[in-house]
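Model, not experiment: these values are computed from the prediction. Remember, it's 1-based here, ligands and their atoms both numbered in the order they're listed. Start at 1 with the first residue, then count along the sequence.
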Amino acid sequence: MITPVMPTYARIDLLFERGEGAYLFTETGERYLDFASGIAVTALGHSHPHLVEVLKEQADKVWHLSNLYRIPGQERLAERLVANSFADTVFFGNSGAEANECGFKTIRKHYYAKGQPERNRIITVSGAFHGRTLATLSAGGQEKYLTGFAPRMDGFDQVAFNNLNELRAAITAETAGIVFEPIQGEGGVRQATIEYMQQLRRVADEFDLLLMFDEVQCGMGRTGKLFAYEWSGITPDVMSLAKGIGGGFPVGACLATEKAASGMTAGTHGSTYGGNPLGMAVANGVLDVLLEPGFLDHVTEIGAYLKGKLEAVVAKHPKVLSAVRGTGLMLGLECVVPNGEFQAKLRDAHLLTVAAGDNVIRVLPPLIIGREEADEAARIVEQVAQTWFS
Ligand SMILES: *Cc1c(COP(=O)(O)O)cnc(C)c1O
């Protein structure tokens, strides 16, 4: 018999009642170290006092207005995102998929507005993940998620990750843009080289294409910079954000330059809930903390510390784990043994992580962790690795 909750997830039978910082507590009071962060969402940990305060404050004023009226929180957040990025303008939605949909539409509309409607195809790369709507699934091109949902949405051409020759060869007179994750999350914390990202910019300029980065997972301070593109020294024309931006409140955003968004005029796009006052209050609260002097340096410092600790464990257990990938607090444990099984053992030992592609386990702690939590996580990984073959 089907469950009342549509059974699209193979859920783990754990019931968390409350969270505090990097920890989650079950209804029976058992404590888990949460290095999954609701898949890179709770960037400031659970029940961060500043976020609780701004949410409660907004809850007493007004919850929802719709985009028929001005929303001050939206204006403030958009101004701050613009001031701290390449972008000139921002559309707010509620999820990563929705942010990406806005990006795809922005790209298509740009060329339509320029009188080149035939230029409407977007190039993506293998291993990508852009969401679960029909367009974002077609963009991601992953068979395991697409099976049974035919027909695929047309308009996406996929090339191999980190392979510039293949990308150049795929460009046609119909190509409008390139969509790319600077660090693939679901794909297994796969990081493009800085040279590749710089080449993407060069190719986009050469063929007059719009370059869009999907920073839904790697953005908002996760890598130690506010946005992952900052590591490459180049800027995209369009960028999607979600996950960490709301710290646990559903918020998505699509950022664009004025030029890229040339076609996005009144009436061209919308979202009933997008940029809702509650979400905007919390997202502004997240940004308050991320922009505090030294906060992103902390992410870099503690990320390097945790990576070093995990690398030491890997070096001792080469038959179980083979390497640590990633930047800042977007880390991936490369497994020799099946990642799902290792991840389950970590969970049994009260450390929450997330499995990903490429036989990798994602380690995505809240950005507020200190050395104690990093030490505790490394200790649990060590203990599970040590007892693996016994
Ligand atoms: C999670 C994710 C998405 C989809 O976000 P949803 O909020 O689940 O729609 C898109 N792109 C990337 C890179 C992601 O990690």
**Fill in**
Near E181 (heavy-atom distance under 4.0 Å), the atoms of ligand 1 are 13 (C)
**Item:** Geometric class of the H350/Y32 ring pair [parallel <30°, tilted 30-60°, perpendicular >60°]
**Value:** parallel
**Message:** Out of all atoms in ligand 1, which are within 4.0 Å of some heavy atom of H130? Include the element for each.
**Reply:** 10 (C), 11 (N)
**Request:** Would you mind listing which atoms of ligand 1 come within a distance below 4.0 Å of any non-hydrogen atom of G131?
**Result:** 4 (C), 10 (C)
**Fill in**
Quick note on ligand 1: atoms under 4.0 Å from a heavy atom of N100 include exactly 10 (C), 11 (N)
**Complete:** atom 9 (O) of ligand 1 sits nearest the protein heavy atom A97 N, 2.7 Å
**Asked** Does K225 make a cation-pi contact with W231 (under 6.0 Å, within 45 degrees of the axis)?
**Response** yes
**Message:** For the 3.5 Å polar cut-off, considering only N or O atoms, please tell me whether Q217 and ligand 1 meet it.
**Reply:** yes
**Prompt:** Looking only at heavy atoms, which two atoms of F213 and L200 are closest? And how far apart?
**Reply:** CE2-CD1, 4.3 Å
**Request:** Considering heavy atoms of the protein only, find what lies nearest to atom 6 (P) of ligand 1 and give residue, atom and distance to 0.1 Å.
**Result:** G96 N, 3.4 Å
**Message:** Salt bridge check, D288 against R76: does any charged N sit closer than 4.0 Å to a carboxylate O?
**Reply:** yes
**Request:** Apply ring-ring contact (aromatic ring centres under 6.0 Å, His included) to F86 and F227, showing your working.
**Result:** CA-CA 10 Å; F86 70 94; F227 305 114; 7.8 Å; no
**Asked** Which protein non-hydrogen atom lies closest to atom 11 (N) of ligand 1, naming both residue and atom, and how far is it?
**Response** D214 OD2, 2.7 Å
**Prompt:** In terms of residue, atom name and distance, what is the protein heavy atom nearest to atom 14 (C) of ligand 1?
**Reply:** K243 NZ, 2.9 Å
**Asked** Is the closest basic N to carboxylate O distance between R201 and D205 below 4.0 Å?
**Response** yes
**Asked** For ligand 1, which atoms sit closer than 4.0 Å to a heavy atom of S95?
**Response** 7 (O), 9 (O)
**Message:** Apply side-chain contact (heavy atoms from CB on, under 4.5 Å) to residues K316 and E382 and explain how you reach the verdict.
**Reply:** CA-CA 9 Å; K316 281 207 259 176; E382 163 100 70; 3.2 Å; yes
